[in-house]
Amino acid sequence: MVGNWKMHGLRAQSAALARAVAEGAQSLPDDVLLVLCPPFTQIGCVHGIISAQGPESPLRLGAQDCHTTSSGPHTGDISAEMLADLGVQYVILGHSERRMAHHETNALIRRKVEAAEAAGLIPIVCVGETQEERHQGRAVTALAAQIEGSLTDNFQGALAYEPVWAIGSGIVPPPDELERTLALIHGLLQSRLKTDDIRVPILYGGSVTPAQAPTILSIGSLGGVLVGSASLEAKSFLRIAEAASLRLTSQPLSGPYRS
């Protein structure tokens with residue numbers, strides 16, 4: 001369960017949210033992992049709270065982006081090595097908001113993935129089609145291009161499918177449509193990574209709420225969710241995690257989560 005806090009939270013607010021999530025997470029089973037991705041300015045604060053929970057805690061620290069190089073004259077940027085030095089273990093890359101607002105290309109995202117992997121971080125790479133691409137029947141082409149261009153040959157992270165038209169809209173694809181898309185993405189991953197043994201978990205992101213989480217997480221091929229606004233309130237984020245906990249009674253989640 002990855003919580004993307006985006007550009008929200010001053011120190012007191014972020015600390016209170018992290019503490020509330022940490023307290024509620026104590027009752028979750030071992031196989032449910034919560035990754036908190038605060039803004040850069042709050043990483044140190046949240047890391048202190050997560051570290052205080054001990055090694056058995058289901059909480060992990062993530063970041064929302066990194067630069068392609070380890071150091072240099074890049075004013076305002078932060079490297080993967082710097083994030084790792086702060087205790088970060090995961091990093092979100094290629095989110096549609098960065099693809100659009102910062103004009104990030106697949107090639108640039110791939111270089112960021114390379115930097116993250118070199119620093120020992122687990123990249124969570126976002127892919128997803130726009131409303132226009134969906135209506136014009138170009139969703140498959142868009143997803144294939146993003147997967148082909150954004151991932152490294154030996155990619156060891158997670159993929160987050162976030163249809164751009166669903167983010168912040170309150171709309172989630174019907175389960176049958178989502179299941180078909182996930183099957184397509186698995187096939188694209190097999191082709192891109194040239195292997196039949198696909199261990200890359202696929203998360204779903206896009207208006208994930210506590211009410212919708214049980215239906216979303218009932219899809220067997222799904223490895224988890226990437227949560228936006230609902231992760232800014234501890235109760236709602238924990239309710240989503242509880243939906244994953246219930247799913248574990250029938251089928252364990254998989255992926256590189258217990259690092």
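Sequential numbering from 1 along the given sequence is applied to the chain's residues.
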* Asked: Do Leu86 and Ile49 share a hydrophobic cluster, counting only Ile, Leu, Val, Met, Phe, Trp and Tyr and linking them when any side-chain heavy atoms are less than 4.5 Å apart?
  -> no
* Asp153 and Lys194: salt bridge (charged side-chain N to carboxylate O under 4.0 Å, His left out), yes or no, with the steps? -> CA-CA 8 Å; Asp153 292 341; Lys194 298 179 176 60; 5.7 Å; no
* Asked: What's the shortest heavy-atom distance between Ala234 and Ala20, and which atoms?
  -> CB-CB, 3.5 Å
* Asked: Looking only at atom types and distance, does a side-chain atom of Ser218 sit under 3.5 Å from a main-chain N or O of Thr215, one as donor and one as acceptor?
  -> yes
* Does the side chain of Ile240 come within less than 4.5 Å of Val208's, by heavy atoms? -> yes
* Rounded to the nearest 0.5 Å, what's the gap from CD1 on Ile92 to CG on Leu121? Could you check? => 12.5 Å
* To do: Indicate, with yes or no, if Leu10 and Val21 share a hydrophobic cluster defined by side-chain heavy-atom contacts under 4.5 Å among Ile, Leu, Val, Met, Phe, Trp and Tyr.
  => no
* Verify same cluster id: Leu184, Trp165 (apolar side-chain graph, 4.5 Å) -> no
* **Any side-chain heavy-atom pair of Arg99 and Ile109 under 4.5 Å** => yes
* Flag, side chain of Ser236 to backbone of Ala230, donor-acceptor distance under 3.5 Å -> yes
* To do: Sort out for me which residue in Glu132, Arg138, Glu133, Gln131 forms a side chain to side chain donor-acceptor pair (under 3.5 Å) with His135.
  => Gln131
* Closest non-hydrogen atom pair, Gly157 against Pro201 -> O-CD, 3.5 Å
* Atom CZ of Arg98: over 12 foreign heavy atoms under 6.0 Å -> yes
* Check the pair Glu104 / Ser96 against side-chain contact (heavy atoms from CB on, under 4.5 Å), numbers first and verdict last. => CA-CA 9 Å; Glu104 293 193 355; Ser96 62; over 6 Å; no
* To the nearest 0.5 Å, how far apart are NE2 in His67 and CG in Leu83? -> 12.0 Å
* First locate atom CZ of Arg60, then atom NE2 of His47, and finally report the distance between them rounded to the nearest 0.5 Å. => 11.0 Å
* To do: List the atom of Ile78, the atom of Asp65, and the distance in Å for their closest heavy-atom pair.
  => CG2-O, 4.3 Å
* Asked: Side chains of Leu93 and Cys66: does their closest heavy-atom pair fall under 4.5 Å?
  -> yes
* **Under 3.5 Å side-chain donor-acceptor pair for Thr152 and Arg192** => no
* Asked: Going through the distances and angles, do Leu226 and Glu162 end up as a side-chain contact (heavy atoms from CB on, under 4.5 Å)?
  -> CA-CA 8 Å; Leu226 175 57; Glu162 287 200 309; 3.6 Å; yes
* Calculate, to the nearest 0.5 Å, the distance between atoms CG and OG belonging to Leu34 and Ser231 respectively. => 10.5 Å
* Can Leu61 and Val35 be said to form a side-chain contact (heavy atoms from CB on, under 4.5 Å), step by step? -> CA-CA 6 Å; Leu61 183 61; Val35 182; over 6 Å; no
* Would you mind listing the cluster partners of Val164? Hydrophobic ones only (ILVMFWY), side-chain contacts under 4.5 Å, chaining allowed. => Met100
* To do: With the side chain counted from C-beta on, respond yes when Ile147 and Ile185 share a heavy-atom pair under 4.5 Å apart, and no when they do not.
  => yes
* Do Ile50 and Val91 sit in the same hydrophobic cluster, where Ile, Leu, Val, Met, Phe, Trp and Tyr count as joined when their side-chain heavy atoms come under 4.5 Å apart? -> yes
* Looking only at non-hydrogen atoms, find the nearest pair between Val46 and Ala18 and report the distance. => CG1-CB, 4.2 Å
* Structure fact -> Besides Leu108, the hydrophobic cluster formed by Ile, Leu, Val, Met, Phe, Trp and Tyr side chains linked at under 4.5 Å, directly or via other members, contains none
* State, to 0.1 Å, how close Ala243 and Ala213 come at their nearest heavy-atom pair, and which atoms those are. => CB-CB, 4.0 Å
* **Side chain to side chain, Leu17 and Phe237, heavy atoms closer than 4.5 Å** => no
* Of the non-hydrogen atoms in Asn106 and Ala145, which two are nearest, and what is the gap between them? -> ND2-O, 3.4 Å
* Asked: Can you hop from Leu178 to Ile167 via hydrophobic side chains spaced under 4.5 Å?
  -> no
* Counting N and O atoms only, with roles assigned by atom type, does the side chain of Gln64 sit under 3.5 Å from a partner on the main chain of Phe40, one being a donor and the other an acceptor? -> no
* Asked: Quick one: salt bridge (Lys or Arg N to Asp or Glu O under 4.0 Å) partners of Arg134, sequence neighbours excluded?
  -> Glu177
* Please round to the nearest 0.5 Å and tell me the distance separating atom CD1 of Ile122 and atom CZ of Phe155. => 10.0 Å
* Non-hydrogen side-chain atoms of Leu222 and Tyr161 separated by less than 4.5 Å -> no
* Would you kindly say whether His186 and Gln190 are connected by a side-chain donor-acceptor distance under 3.5 Å? => no
* Could you tell me whether the side chain of Leu33 reaches within less than 4.5 Å of the side chain of Tyr90, counting heavy atoms only? => yes
* To do: Kindly indicate, with the supporting measurements, whether the criterion side chain to side chain donor-acceptor pair (under 3.5 Å) is fulfilled by Gln212 and Tyr204.
  => CA-CA 12 Å; Gln212 296 160 331; Tyr204 173 77; over 6 Å; no
* Nearest 0.5 Å, what's the OG-CZ distance between Ser150 and Arg111? -> 13.0 Å
* I would like to know whether Val225 and Val2 meet side-chain contact (heavy atoms from CB on, under 4.5 Å); could you show each step before the answer? => CA-CA 6 Å; Val225 288; Val2 182; over 6 Å; no
* Is Leu189 close to Ile202 at the side-chain level, that is, under 4.5 Å between some pair of heavy atoms? -> yes
